Structures are given as structure tokens and as C-alpha cells.
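Okay, structure first, notes after.
Predicted model only: the values in this text are computed from it and were never measured.
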Amino acid sequence: MKKTKKFLVFSILISIVLVISAVLIAYQAYNLNILPNNILLMVIIILVLIVAILLLLLNFSSRKLWSRIISSILVIACSCGLFIGTQYMSEANGFIDTVTNTSGKIKHTVQVYALKSSKISEPSDLTNKKVGVLKDIDTTSTSKSWSDLKHKSVNVTQKKYKSVEALAKALYDKEVSAIIISDSYVSGIEEIDNYKDFGSKTVSILKTIYYTKDNLSANAVSDITSKPFTIEISGNDNYGGLESVARSDVNMLVTVNPKTHDVLMTSIPRDYYIQYACEDGECPVGELDKLTHTGMTGLDTTRDTLEKMLDVDINYTVRLDFEAVKAVVDAVGGIDVYVKKGYAVDQFYTNPGVEGVHEGKNHLDGARALAYARERYAYEEGDRQRVKNQQQVLKALINKVLSSNALTHYNDLLKAMSGVFETNMTDSEIKQFVQYQLQDNPKWNFESYVLDGQGDTLYCAMAGQTASVLVPDQRTIDIASKKIKAVIAGKKASSVSSKLKGEFTMPDYMTGVQSQDTSSSYSSDTSQYTTDQSVDYSGSTYYDASSQAQTQTYTPTEDTTYQQDASVDNTVGAQ
């Protein structure tokens with residue numbers, strides 16, 4: 001049957017479309033650069049053969065009407081499939097660029113809060129009134145906000161308080177008409193029983209945003225596919241997003257040896273009582289505090305502090321926004337977790353109003369998954385159980401993301417994940433490691449270890465008051481350090497025994513620190529700590545300090561009227 005002129009034109013057009021779609025997907029595959037060269041070459045050869053066969057069928061072999069229709073359908077279907085594949089590859093490449101291209105700046109947000117009941121709704125309403133500020137804590141943010149108030153010609157009196165809790169109390173007791181506080185402190189205020197309603201009871205009347213330099217340059221290895229490296233994973237709380245300073249509620253070091261295929265996950269409880277260390281001087285160097293507060297001066301502070309405490313090098317950092325995890329879980333249709341007997345939770349204290357979990361299998365949406373990962377008050381083990389929950393949620397999420405079902409949510413998944421984490425690894429390093437995984441398909445050996453200690457109530461520098469902390473057991477710090485170094489040296493983490501010997505030992509920096517809890521003592525029957533934590537955490541003894549917290553009321557030390565600080569950057573404006 002002779003081809004008509006119309007069909008001839010039609011066949012030429014769809015042939016051109018097929019060729020273009022094939023060229024585009026080949027270019028995107030090359031540009032994405034995650035396929036090993038031999039696999040990429042094979043894919044391109046197969047693609048060329050398929051396109052050639054389809055073109056031959058359409059333009060030279062189709063003689064009858066039915067064969068022309070079938071060949072035309074095949075060409076159109078193949079073109080559509082290649083265009084969709086091109087879009088997926090382009091989005092994947094964009095996603096990698098997004099998580100690796102950080103701004104190089106850290107966002108700080110400080111706000112002026114008033115009680116809703118006070119009917120104060122704008123800065124001018126504060127004229128001739130008192131505003132509470134922190135005396136010796138977060139002074140830079142206070143200065144920025146105070147400068148904004150003065151730029152608006154608001155005549156106010158400053159009243160200083162020693163602690164975050166005392167500042168919140170002053171607002172609630174109406175000693176002051178408003179307070180100045182950074183966003184990174186708000187979640188801490190809402191964890192105090194008397195101020196859990198801070199968010200609903202107050203209103204922001206002025207917001208100031210300023211930026212400082214991000215010093216999170218990577219200590220990159222020469223070849224990520226052959227040289228061992230350690231990644232710090234930090235999960236911030238739900239205020240401000242990835243670009244903002246926030247508490248480090250999740251703290252884990254992942255040490256990878258690509259040659260031996262060993263991976264060690266070392267978890268450090270958020271309340272671990274540490275000594276600040278930072279290279280840029282932005283943190284209170286040498287002061288003592290809980291680990292979670294180090295994130296309030298930047299992830300570089302958390303990294304430097306952990307490096308000093310464990311005597312190890314951290315090569316890369318990954319920052320997770322746990323609030324954004326909700327969107328990822330919802331994008332994949334939820335995750336399944338198994339709750340052991342005795343660990344059912346009727347209500348999540350960290351996220352009131354969110355349905356709890358029952359014993360056995362639970363299907364969690366984003367909100368419940370986040371609450372499950374953040375909960376610690378409902379468990380006697382406190383942070384220890386929360387670490388388990390977090391690992392359980394992350395593992396379930398990874399399995400769901402890697403499943404074939406995730407392809408049906410591809411677009412939503414990429415959009416959700418683009419706001420979940422960022423890293424100082426380069427896109428080429430990530431792609432290089434994916435290539436290595438695809439080509440060699442190594443079987444990874446995972447081990448884990450959790451640092452331990454004893455609960456107490458001690459002074460925390462960033463809060464300006466006492467708080468529940470976990471006093472480190474130096475023996476577990478030493479074991480963790482040795483395990484990390486063993487993996488780096490090409491040995492198994494299990495080659496370093498997890499069994500604790502002798503009595504509980506505090507770090508040297510704890511010398512002279514006085515406990516605020518008279519029931520606490522830093523000695524223990526060593527049998528309580530004898531466990532192989534690289535396999536399971538359930539055998540360890542953990543002391544929860546949440547019930548030991550003591551409230552201290554501080555009286556204001558001085559009333560001062562405003563005096564211009566020449567060091568304040570007057571270009572910062574309210575937003």
C-alpha cells in the first residue's frame with residue numbers, strides 16, 4: 001500500500017520528535033552524571049538501537065494501514081516516555097544542586113513579642129513602656145532588634161533579665177509590656193510547663209532579620225569512593241527552616257569506609273552536657289551547655305564541639321529540617337513503624353493533639369511520624385528512646401523512598417525533599433558516590449553506638465539558667481572515639497569493645513561543676529552499663545532528667561534607658 005502524502009508528513013514529524021527526545025534524554029543522562037561510564041555507554045547504545053528500529057518500522061517497513069498505525073503508536077509512546085524520563089532526570093539534577101548549593105549565610109530572626117491581651121499591635125504602642133531583654137545572652141540579636149525599635153522613634157525603657165525563663169515570666173506577669181527574643185529560643189520557652197501556650201498567647205509586633213557568615217566549609221576527602229569519611233547529621237527543631245539557626249535536636253555521626261563497606265552510626269543525645277568549641281568565636285567558647293543548644297550559634301559550632309569532644313575529624317555536614325520531614329512522609333503516602341510492647345503512647349507530649357501510637361504495626365502520616373520522632377517525655381528512657389524512634393522513622397522513610405511505589409509520587413517527593421536537607425558535600429561528590437554504588441553494588445555493614453551518661457540539673461550557658469542535662473560518661477566518649485577511628489583505619493567498629501569497665505567517669509571539663517540536684521551522684525554500679533551498644537540499646541541504663549528539672553526565679557538586675565551601641569549595624573531593617 002502506497003503511503004499518502006499526509007502520512008508521509010506525519011511520519012517525518014513524529015520521527016523528528018523521537019530523535020529530539022532521544023537526544024535530550026541522552027544529554028540529561030550525561031549531565032546528571034550518576035551512571036558509571038560503561039553503563040551510560042550501554043544505555044546510549046540501547047537507546048540508539050531502539051530509535052533506529054522504530055524509525056525503520058515507521059518509514060520503511062510499514063506497508064499496510066494496521067502496521068502504520070501500530071508503528072506510529074510505538075513512536076509516539078516512546079517519544080512521550082523519553083520526554084518524561086528527561087523531565088525526571090532534569091528534576092533530579094536540580095534537586096542535587098539545591099541541596100548542595102547553600103547560601104553561605106546563616107539567617108537570624110529576632111522578634112518583639114507582646115501579650116495578645118495587651119492590645120499592643122505595633123511598635124508605637126510601646127511608647128514610654130518597658131521592654132524585657134536578656135542581659136548576657138544573645139546580645140547581638142537583642143541589639144539588632146533594639147536598634148530597629150529606636151529607628152521607629154519608639155521611646156522605651158529596657159529591663160534586663162538573666163535567663164530565658166525569667167524573661168518569659170516577666171511578660172506573663174506584666175512586669176514588661178513586651179520582650180525581645182530570638183526565634184531559636186522560642187521552642188525552649190514552649191517546653192517549660194508554664195509557657196507552653198507562648199505561641200498562642202503572644203503576638204509579634206516587630207521582626208528583625210540579619211545574616212552572619214556560614215563557616216561550614218567541608219574537610220573534603222580526596223576520593224569519596226575510596227577514602228573513609230565522617231558525616232555529621234544534625235536535625236534542627238521546627239523553627240526557621242534550614243537556613244536559620246536552630247537547636248540541634250538530632251545529632252549523629254556517620255562514619256563510612258568505602259573500601260571495607262563499613263558504616264558506623266554514632267548517636268549523641270541532645271541533652272549531652274558539653275563544652276562549647278568554635279573557630280569563629282561566635283559561640284561562648286569554654287562554657288558548658290547541652291548539645292542541642294550549640295545549633296543556636298550555627299551548625300559549625302555543633303561540628304567543632306563534637307570534634308573536640310570525640311577527638312575526631314568531621315569531613316561533611318548534613319542539616320535536616322525535621323519539620324519538613326512531614327511533607328516527605330505525606331508525599332510517599334505515609335510510613336509503617338512497629339511499636340514494641342510497653343512503648344505505646346496515648347498522647348505525644350511534644351506535639352499535643354497528635355494521635356499517639358499503639359503496640360504493633362502503625363501507619364503514620366507526616367504529622368504523626370514527626371511527633372513519634374521527636375517524643376521523649378513519654379518514655380522512661382527519654383532521649384535514648386527518641387534516638388531509636390528517629391532511626392526507625394528514617395529507616396522506614398528510606399525504604400519507602402527507594403521502593404517502586406515511590407515512582408508514582410516522584411514529583412511530589414522531589415519537591416518535598418528539596419526542603420528537607422542540605423549538605424556541604426559537592427554535587428560531584430554525591431554523583432561520584434552514586435556511581436560507585438551503582439557499579440560496585442557493595443553490601444554495607446551497619447553498626448551503631450550511642451553515647452551515655454547520667455541525668456542531672458545544671459547551668460546551661462545559652463539559657464542563662466539550670467536545665468535538665470545528661471552528664472557524659474567519659475568511658476562512652478572514649479569508646480565512641482575509638483570505634484570511629486577503627487572504621488577510618490579499615491577495621492570493624494565491633495573490634496572495639498562496647499563493654500564499660502570501672503566506674504562512671506565525668507569529662508575533665510566537668511571538674512568543679514556543682515550539681516543542682518541533691519539526689520544526683522556521679523557514681524554507679526558498673527554492671528548497669530555493661531552492654532554491647534553496637535548491636536542493641538535496650539540493655540543500657542539511661543537516666544532521664546526530665547523529672548529533675550528545677551525552676552529558678554531570677555529578679556531583674558537593672559533598669560536602663562536606651563543608649564545607642566555604636567557597633568550595631570543600622571542598615572538592618574524590620575521585615
Checklist outcome for this item: The reported gap from OG1 in Thr86 to CG in Leu24 (rounded to nearest 0.5 angstrom) is 5.5 Å

Next on the checklist: Looking at Lys499, is its backbone amide N or carbonyl O close enough to the side chain of Ser497 to form a donor-acceptor pair, meaning the two atoms are under 3.5 Å apart?
Outcome noted: yes

Next on the checklist: Side chains of Asp262 and Asn445: any donor to acceptor distance under 3.5 Å?
Outcome noted: yes

Checklist entry - Short question: side chain of Asn315, backbone of Asn219 - any donor-acceptor pair under 3.5 Å? => result yes

Next on the checklist: Between Thr212 and His108, do the side chains contain a donor N or O and an acceptor N or O under 3.5 Å apart?
Outcome noted: yes

Checklist entry - Under a 4.0 Å N-O cut-off, is there an ion pair linking Glu191 with Arg376? => result yes

Item to check | Distance-only donor-acceptor check, side chains Tyr372 and Gln390, under 3.5 Å | outcome: no

Next on the checklist: What I want to check is whether the side chains of Thr302 and Ser234 have a donor and an acceptor closer together than 3.5 Å.
Outcome noted: no

Checklist entry - Does a donor on one side chain sit under 3.5 Å from an acceptor on the other, for Ser187 and Glu190? => result no

Item to check | Salt bridge Arg319-Glu422, side-chain N to carboxylate O under 4.0 Å | outcome: yes

Item to check | Side chains of Asn93 and Ser90, donor plus acceptor under 3.5 Å | outcome: no

Checklist entry - Is a side-chain N or O of Gln474 found less than 3.5 angstrom from the main chain of Asp508, in a donor-acceptor match? => result no

Checklist entry - Side chains of Thr255 and Thr230: do they bring a donor and an acceptor to under 3.5 Å? => result yes

Checklist entry - With no hydrogens and no angle check, do the side chains of Tyr276 and Asp289 hold a donor and an acceptor under 3.5 Å apart? => result yes

Checklist outcome for this item: The side-chain contact (heavy atoms from CB on, under 4.5 Å) partner of Leu364 among Val357, Val329, Asp336, Val354 is Val357

Item to check | Gln435 side chain vs Gln437 backbone, donor-acceptor pair below 3.5 Å | outcome: no

May I have the list of side-chain donor-acceptor pairs in residues 305-313 shorter than 3.5 Å, sequence neighbours left out?
unit_1	atom_1	unit_2	atom_2	d
Thr305	OG1	Ala277	N	3.2
Thr305	OG1	Ala277	O	3.3
Thr305	OG1	Thr301	O	2.8
Glu307	OE2	Ile314	N	2.8
Asp311	OD2	Lys485	NZ	3.0

Item to check | Ser184-Ser182 side chain donor-acceptor pair, cut-off 3.5 Å | outcome: no

Item to check | Donor on one side chain, acceptor on other, Thr476 and Asp452, under 3.5 Å | outcome: no

Next on the checklist: Would the distance check show the side chain of Lys483 and the main-chain N or O of Val496 forming a donor-acceptor pair, the cut-off being under 3.5 Å?
Outcome noted: yes

Checklist entry - Checking Tyr379 side chain against Val345 main chain: does a donor-acceptor pair fall under 3.5 Å? => result no

Checklist entry - Would one find more than 12 heavy atoms of other residues, nucleotides or ligands at under 6.0 Å from atom NZ of Lys227? => result no

Checklist entry - Does a donor on one side chain sit under 3.5 Å from an acceptor on the other, for Tyr338 and Gln392? => result no

Checklist entry - Is the distance between the ring centroids of Tyr436 and Phe433 less than 6.0 Å? => result yes

Checklist entry - In terms of side-chain heavy atoms, does Asp478 have a donor or acceptor partner in Ser481 at a distance below 3.5 Å? => result no

Checklist entry - Any side-chain donor paired with an acceptor under 3.5 Å for His358 and Asn362? => result yes

Item to check | Asn424 side-chain N/O to Thr317 backbone N/O, donor-acceptor pair under 3.5 Å | outcome: yes

